[in-house]
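See structure below.
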Amino acid sequence: DSRSGPTEVTSAGIVDNDQAEITAHPAQAFGSDPLTVRDTDHYTNEYVKGFVEKWDDLIDWKKRYESEGSFFVDLLKSRGVKSVLDVATGTGFHSVRLIEEGFDTVSADGSAEMLAKAFENGLNYGGHILRVVHADWRWLNRDVHGEFDAVVCLGNSFTHLFSERDRRKALAEFYAVLKHDGILILDQRNYDAILDNGFSSKHTYYYCGEEVTAEPEYVDDGLARFRYQFPDGSQYHLNMFPLRKDYVRRLLREVGFQRVETYGDFQETFTAEDPDFLIHVAEKN
Ligand code: SAM
């Protein structure tokens with residue numbers, strides 16, 4: 001099967017393998033030159049229905065619970081957190097988990113499609129009625145009212161912002177919805193490892209089993225284009241900004257967070273030398 005062949009990032013950052021011949025999914029509207037799509041507003045075109053549904057069908061939430069463990073829940077409980085704003089709800093995995101753990105949770109996302117799926121998932125997984133808010137992070141406070149003990153932005157979501165201005169704006173909005181002693185938990189892929197060491201097939205990420213693989217197809221300082229492949233041969237892409245760890249830490253401090261701690265963690269089934277994911281915990285006070 002050619003799809004399991006080696007994947008190597010060349011010195012120019014271009015992944016050189018035969019998988020590039022498989023065409024991208026037309027519904028995602030990346031246009032004729034996908035590598036030029038470096039735009040914060042494009043995320044709503046990327047999470048199209050087929051992609052989202054396939055993802056949720058294949059990734060068993062129970063397995064995801066197990067592979068993620070209780071890291072976030074323990075962290076929130078140890079800080080005495082009661083209310084949480086999930087700003088990157090997606091299909092609702094973290095929101096549902098938080099509700100089940102007793103947190104007073106509000107679920108926001110900039111994609112109406114994602115929120116619809118999250119609401120449906122909430123009902124299916126335990127009959128929970130999610131409190132959903134359709135809001136882009138850059139204007140979060142226009143749509144989300146009230147103050148929270150914690151804001152969570154999980155599942156490598158912050159990477160969708162393509163300009164520093166958007167990143168600063170979003171972080172300032174997260175800061176503003178927090179109580180005076182609130183915390184922000186924001187995770188990201190370990191892009192330093194990808195940018196500095198390149199990728200080999202050994203670094204393929206299998207999401208909770210071997211059903212879905214995620215690999216970078218192209219990487220440079222301003223773009224990490226990942227390809228997601230499903231067992232039926234279909235594939236989808238996400239264009240993301242490769243956030244360096246120290247850069248994110250600096251931004252968090254510059255928007256006003258007083259203390260930032262960064263953890264390395266393994267959330268998927270594959271373990272590499274470097275952690276796959278980094279988790280920043282930023283304290284407002
Ligand atoms: N946390 C979920 C998980 O781990 O399954 C979903 C993560 S998904 C990778 C990223 C989510 O962030 C998407 O649902 C997307 O719509 C949302 N998103 C990306 N950019 C956004 C923005 N500027 N404002 C609001 N939501 C955004």
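Being a predicted model, the structure only gives us computed values, none of them experimental. Each ligand, and each atom within it, is numbered from 1 in the order the structure gives.
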For ligand 1, the residues whose heavy atoms come within less than 4.0 Å (ordered by chain, then number): Y43, Y47, R64, A88, T89, G90, H94, D109, G110, S111, M114, A135, D136, W137, L154, G155, S157, H160, L161
Drop me the distance from R249's CZ to R259's CZ, to the nearest 0.5 angstrom. 10.5 Å
Of all residues at least two apart in sequence or in a different chain, which pass the ring pair (Phe, Tyr, Trp, His ring centres under 6.0 Å) check with F241? none
Between F30 and H42, is the ring centroid distance below 6.0 Å? yes
Just checking, is any N or O donor in the side chain of Y191 or N156 under 3.5 Å from an acceptor N or O on the other one? yes
With the threshold set at 4.0 Å, does a side-chain nitrogen-carboxylate oxygen contact exist between R244 and D196? yes
Go through it in stages, so that I can follow the logic: the residues are K82 and D104, the test is salt bridge (Lys or Arg N to Asp or Glu O under 4.0 Å), and I'd like the CA-CA distance, side-chain angles, deciding distance and then a yes or no. CA-CA 6 Å; K82 301 263 181 286; D104 181 10; over 6 Å; no
